[in-house]
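First up is the structure itself, then whatever we jot down about it.
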Amino acid sequence: MPLPATHSADETLVKRLLIAQLPELAALPLSRLEPAGSDNVLYRLGDELSVRLPRGEWAAGQPEKESRWLPRLAPHLPLAIPEPVALGTPGEGYPWHWSVSRWLPGSPPDIGGLACPARIATELARFVAALHRIPADPSLAAGPHNGFIGAPLARRDAETRAAIAGTADVFDRAALTAVWDAALAAPPWPHPPVWVHGDLHPGNLLLADGQISAVLDFGGLGVGDPACDALIAWTLLPPSAREIFRAESGLDEDSWTRGRGYALSTGLNAYTAYAATNPRVAASAKYQITATLADLKRA
């Protein structure tokens, strides 16, 4: 029987999957990691591996996509990304593919607590620029496989305006609308689509010794408008470092404006979804939204 769409795979299930499909790894210690992301359940497997299992159908294609594409992208990128080791298949009552990857050391950066934000902004900008330079594959054009990340912003218009209306008691509705209207009015990306990560926020980064050590979670990987990868400018960086990121990334003014709109839209989506249930995510989303408002005022 298929698992519920929001099922969180437990340790017993994961051990059964390992025994059945990867018996050489099944004896390694297994421990669940929290907080995990909204798309996947995550376990550490021994000292050198991790196991990721989609929570539901919306994320079911991510393990196969990452297993295929990450080894091809990694040699061209200046920061570490997940290294797939094995791709598990449905079994033991679990209906989707799942993955085993190399363990990447580090911890997520603290918003507002970066020791050297200028250096981190430069590292992230160079990563984004390198990703955008890799020849893109049109088979991964923005679509259902990545939630249409990298598609024109107009696709997000109805849900964003609904979120603006729904958070009017928390945020300045007129200011939110101004950010969004400016983003929609910016000319679209005039060049061929490029590779995009699409979900660059602090939870998908690892920091070690004050430097970015890895970029995680390529579930949103696709080909589209590079503006969406400016997201990190408003999810992590303070204003001064944001300008460094903008300059080093090579994003033009129109892309920056669209990126700010994308940051606003995704922040509102996260805030409305988690404000009542997850204070950690709600606080992060509020920082993101507030940063886009402040940035527009300076523009």
Side-chain angles (χ1 to χ4, degrees), residues 37-39 56-59 61-62 65 128 131-132 136 140-168 170-191 193-204 217-236 249 251-275 278 281-282 284-296 299:
S38 57
D39 286 353
E57 186 66 36
W58 71 90
Q62 294 180 13
K65 179 168 66 175
V128 164
L131 178 63
H132 295 171
L140 280 189
H145 72 91
N146 71 340
F148 293 92
I149 293 171
L153 284 180
R155 186 178 184 88
R156 307 179 65 91
D157 189 41
E159 66 183 71
T160 301
R161 293 192 189 280
I164 289 172
T167 57
V170 181
F171 304 107
D172 184 334
R173 182 171 182 172
L176 295 177
T177 301
V179 172
W180 185 240
D181 285 346
L184 290 180
W189 177 242
H191 306 294
V194 302
W195 283 111
V196 296
H197 179 282
D199 197 20
L200 286 175
H201 63 74
N204 287 338
D217 195 348
F218 283 73
L221 180 69
V223 173
D225 181 356
C228 62
D229 282 340
L231 178 65
I232 193 62
W234 297 279
T235 56
L236 175 65
S249 67
L251 292 170
D252 59 31
E253 183 175 352
D254 292 331
S255 296
W256 192 254
T257 301
R258 295 192 308 276
R260 185 169 53 218
Y262 179 73
L264 174 68
S265 179
T266 56
L268 285 168
N269 180 62
Y271 187 85
T272 56
Y274 294 103
N278 192 321
V281 175
S284 178
K286 189 171 185 178
Y287 175 94
Q288 178 176 338
I289 294 164
T290 303
T292 66
L293 297 181
D295 195 60
L296 183 65

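Listed by chain and residue number, His197, His201, Asn204, Leu231 satisfy the side chain to side chain contact (heavy atoms under 4.5 Å, CB included) test with Asp199 (two or more places apart in sequence, or in another chain). With sequence neighbours left out, Glu253 forms a salt bridge (charged side-chain N to carboxylate O under 4.0 Å, His left out) with no residue at all. Shown here are the side chain to side chain contact (heavy atoms under 4.5 Å, CB included) partners of Ser265, two or more places apart in sequence or in another chain: Arg156, Thr160, Trp180. With sequence neighbours excluded, the residues satisfying salt bridge (charged side-chain N to carboxylate O under 4.0 Å, His left out) with Asp217 are Arg52.
No donor-acceptor pair closer than 3.5 Å links the side chain of Asp225 to the backbone N or O of Gly150. In this structure, Thr235 contributes its side chain and Ala263 its backbone to no donor-acceptor pair below 3.5 Å. Listed for the Tyr262 side chain is no donor-acceptor partner under 3.5 Å among the backbone atoms of Ala183.
Between the OG atom in Ser255 and the NE2 atom in His132 there is a gap of 9.0 Å [rounded to 0.5 Å]. Atoms CD and CD1, on Gln288 and Ile232 in that order, are 9.0 Å from each other to the nearest 0.5 Å. Here the straight-line distance linking atom CH2 of Trp234 with atom CG of Leu200 works out to 12.0 Å at 0.5 Å rounding. Residue Leu184 holds its CG atom at 11.0 Å from CZ of Arg258, rounded to the nearest 0.5 Å. Atom CG of Leu153 is separated from atom OG1 of Thr257 by 10.5 Å, given to the nearest 0.5 angstrom.
Here the side chains of Leu293 and Leu176 are in contact, with some heavy-atom distance below 4.5 Å. At least one side-chain heavy atom of Ile289 sits less than 4.5 Å from a side-chain heavy atom of Leu264. Side-chain contact between Asp229 and Leu251 is absent, with no heavy atoms from C-beta onward closer than 4.5 Å.
When all heavy atoms of Cys228 and Gly198 are compared, the pair lying nearest together is SG-CA, 4.0 Å. Here the shortest heavy-atom pairing between Gly220 and Ile149 reads CA-CD1, 3.9 Å. Closest non-hydrogen pair, Val194 versus Pro226, comes out as CG2-CB, 3.6 Å. The two residues Ser38 and Trp58 have their closest heavy-atom pair at O-CZ2, 3.5 Å. Nearest heavy-atom pair, Ala282 versus Ala275, reported as atom, atom and distance to 0.1 Å: CB-CA, 3.7 Å. Between Ala285 and Ala270, the closest heavy-atom pair is CB-CB, 3.9 Å.
Counting non-hydrogen atoms of other residues, nucleotides and ligands closer than 6.0 Å to OH of Tyr287 gives a total above 12.
Listed by first and then second residue, the salt bridge (charged side-chain N to carboxylate O under 4.0 Å, His left out) pairs that reach into residues 178-188 are Arg161-Asp181, sequence neighbours excluded. Applying the side-chain hydrogen bond (donor to acceptor under 3.5 Å, both in side chains) definition to pairs two or more places apart or across chains, those involving residues 144-155 are Lys65-His145.
Side-chain atoms of Thr292 and Asp295 form no donor-acceptor pair, as typed in the model, at a separation below 3.5 Å.
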Side chain to side chain contact (heavy atoms under 4.5 Å, CB included) for Phe171 and Ile164? Distances and angles first, verdict last.
CA-CA 8 Å; Phe171 304 107; Ile164 289 172; over 6 Å; no

